[in-house]
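Accompanying notes for the structure given below.
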Amino acid sequence: MSFRKPGRVIAAVAALALALTACTDGGSGTSSGPSGEPGGVTLTLWHSSADNVAARNLYQAYEKATGNTIELI
C-alpha cells in the first residue's frame, strides 16, 4: 500500500473498521436513544489529531442525536 494514494489508505481503513464492527457484540439493546431513555453508552474512538472541524462537529452531532458519549483518544 502506498501512502502516495490516500484514497486507497482511506478505503483500507474503512474496510477494516467495517470488518471489526461486524465482529462485535450487538449489545443487549438497553442503551439510550434520541428519546432520552436512561442508559447511553460510552464509545472510544481513536482519531487523528489532525481531524478537521467538520469531523469534530460530526462526533458532537452523533452524541447529541443518540445520547451516547464518544471518548476521543
Practice item. Enter the distance from Glu63:CD to Thr42:OG1 here, rounded to the nearest 0.5 Å. Key: 9.0 Å

Point to revise | Tyr62-Leu45 co-clustered via ILVMFWY side chain contacts under 4.5 Å | key: yes

Review point. Does a side-chain heavy-atom distance below 4.5 Å link Asp51 with Tyr59?
Key: yes

Review point. Has the side chain of Asn68 got a donor or acceptor atom that lies under 3.5 Å from a matching backbone atom of Val41?
Key: yes

Review point. Can you find a pair of side-chain heavy atoms, one from Ile73 and one from His47, that are under 4.5 Å apart?
Key: no

Review point. If you round to the nearest 0.5 Å, how far is OG1 of Thr66 from CG of Leu43?
Key: 7.5 Å

